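Read the structure below first, then the notes.
Heads up: numbering here begins at 1 and tracks the sequence. Note that the structure is predicted; figures quoted are calculated from it, not measured.
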Amino acid sequence: MLAALLLTADVLFAAGGDFHPFANAEAAKPVIGVDEPSYLELVAAGPKVAHNAAETAFPDGQQAASRYHTRARFLPVGIANERGLQVRTILVERSISAKFPQIHEIGGVRPDPLPWHPLGLAVDMMIPDPGSAQGIALGDAIVAYVMSNAKRFGIQDAIWRGVYYTPDGAKASRLGHYDHVHVTTTGGGYPTGRETYLAD
């Protein structure tokens, strides 16, 4: 028995005493190949009226913890058919789809004697009830949003209710567009499938 114990000790010392009962765990690997963190916003909870004894434990209506919420950085696919659209046009279309859920139809590539739609440089946001006060306000808001982001979107122009908008200003036009907002971008080339479209 003593000989067996001595033999075990000799083996351990010969191996440098490097004995581990468990296998080395591998380092955790990321699930998604994205190195950039998501936005995280901490929002302090406001005062609230106590409804029970447990809630009165904090003086002056303060709450024990802050709440938080996250905002996705990546724009999901929008409501338009993106086939044939160029990258800046896709960014505009996805941004409008995300920001204006009232829009249910966006036109993209289609046959036209002018080159913008066939080349994937333009999209048309169809306005619900376009002659109503709500419809006009929605179209106005889309134009304002697009023009305030003209550099980011690569905006060439927008047309809505007889007005032609460019990053340099607006002027009256005979082009109409009373039922939809037309937006033209500078394109940026056709997608390769490796693009990432980020929210503003």
Apply the test side chain to side chain donor-acceptor pair (under 3.5 Å) to residues His177 and Asp124: give CA-CA distance (whole Å), side-chain angles for both, the deciding distance (0.1 Å), then the verdict. CA-CA 9 Å; His177 294 73; Asp124 292 329; 5.2 Å; no
Gap separating the CD1 atom of Ile106 from the OG atom of Ser97, nearest 0.5 angstrom: 3.5 Å
When rounded to the nearest 0.5 Å, the distance separating CZ of Phe74 from CZ of Arg94 is 11.5 Å
Are Val92 and Leu121 linked, directly or through other ILVMFWY residues, by side chains that come within less than 4.5 angstrom of each other? no
Nearest 0.5 angstrom please: Tyr165 OH to Ser173 OG, how far? 10.5 Å
Test log, rule side-chain contact (heavy atoms from CB on, under 4.5 Å), inputs Val163 and Lys171: CA-CA 6 Å; Val163 180; Lys171 62 182 180 181; over 6 Å; no
Hydrophobic clustering (ILVMFWY, side-chain heavy atoms < 4.5 Å, transitive) - are Tyr197 and Ile155 grouped together? yes
Give a yes or no on whether the backbone of Gly120 and the side-chain of Thr89 come within a donor-acceptor separation of less than 3.5 Å. yes
Residue pairs passing the salt bridge (Lys or Arg N to Asp or Glu O under 4.0 Å) test where at least one lies in residues 130-148, sequence neighbours excluded: none
Can you list everything that forms a side-chain hydrogen bond (donor to acceptor under 3.5 Å, both in side chains) with Thr196? Sequence neighbours excluded, please. none
If hydrophobic clusters are built by linking Ile, Leu, Val, Met, Phe, Trp and Tyr wherever their side-chain heavy atoms come under 4.5 Å apart, do Ile159 and Val143 end up in the same one? no
Which residue pairs pass the ring-ring contact (aromatic ring centres under 6.0 Å, His included) test with at least one member in residues 118-145, sequence neighbours excluded? Phe100-Tyr145, Tyr145-Phe153
Show your reasoning for whether side-chain contact (heavy atoms from CB on, under 4.5 Å) applies to Leu198 and Leu75. CA-CA 5 Å; Leu198 299 178; Leu75 286 168; over 6 Å; no
N/O donor-acceptor pair under 3.5 Å between Gln86 side chain and Thr186 backbone: no
Side-chain heavy atoms of His117 within contact of Pro111, under 4.5 Å: no
Provide the full list of salt bridge (Lys or Arg N to Asp or Glu O under 4.0 Å) pairs with a residue in residues 157-167, sequence neighbours left out, each pair given once. none
Quick check for you: to the nearest 0.5 Å, what is the distance between Met125 atom CE and Ile142 atom CD1? 6.0 Å
Any side-chain heavy atom of Thr185 within less than 4.5 Å of one from Val87? no
Taking it one step at a time, do Arg88 and Glu93 satisfy side-chain contact (heavy atoms from CB on, under 4.5 Å)? CA-CA 9 Å; Arg88 290 181 186 137; Glu93 178 268 328; over 6 Å; no
In one Ile/Leu/Val/Met/Phe/Trp/Tyr side-chain cluster, 4.5 Å: Ile90, Val123: yes
Taking the side chain as every heavy atom from C-beta outward, state whether Thr166 and Gln156 have any atom pair closer than 4.5 Å. no
Verify side-chain contact (heavy atoms from CB on, under 4.5 Å) between Val181 and Ile127, making sure each step is shown before the conclusion. CA-CA 7 Å; Val181 176; Ile127 304 297; 4.1 Å; yes
Donor-acceptor pairs under 3.5 angstrom involving side-chain atoms of residues 128-136: please list them, not counting sequence neighbours.
residue, atom, partner, partner atom, Å
Asp129, OD2, Ser132, OG, 3.3
Ser132, OG, Asp129, O, 2.8
Ser132, OG, Gly135, N, 3.0

Same cluster or not: Leu119 versus Leu91, using hydrophobic residues (I, L, V, M, F, W, Y) connected whenever any side-chain heavy atoms lie under 4.5 Å apart? no
Kindly indicate whether the side chain of Ile103, heavy atoms from C-beta on, has any atom under 4.5 Å from the side chain of Met126. no
Contacts of Asp112 meeting salt bridge (Lys or Arg N to Asp or Glu O under 4.0 Å) (sequence neighbours excluded), chain-then-number -> Arg110
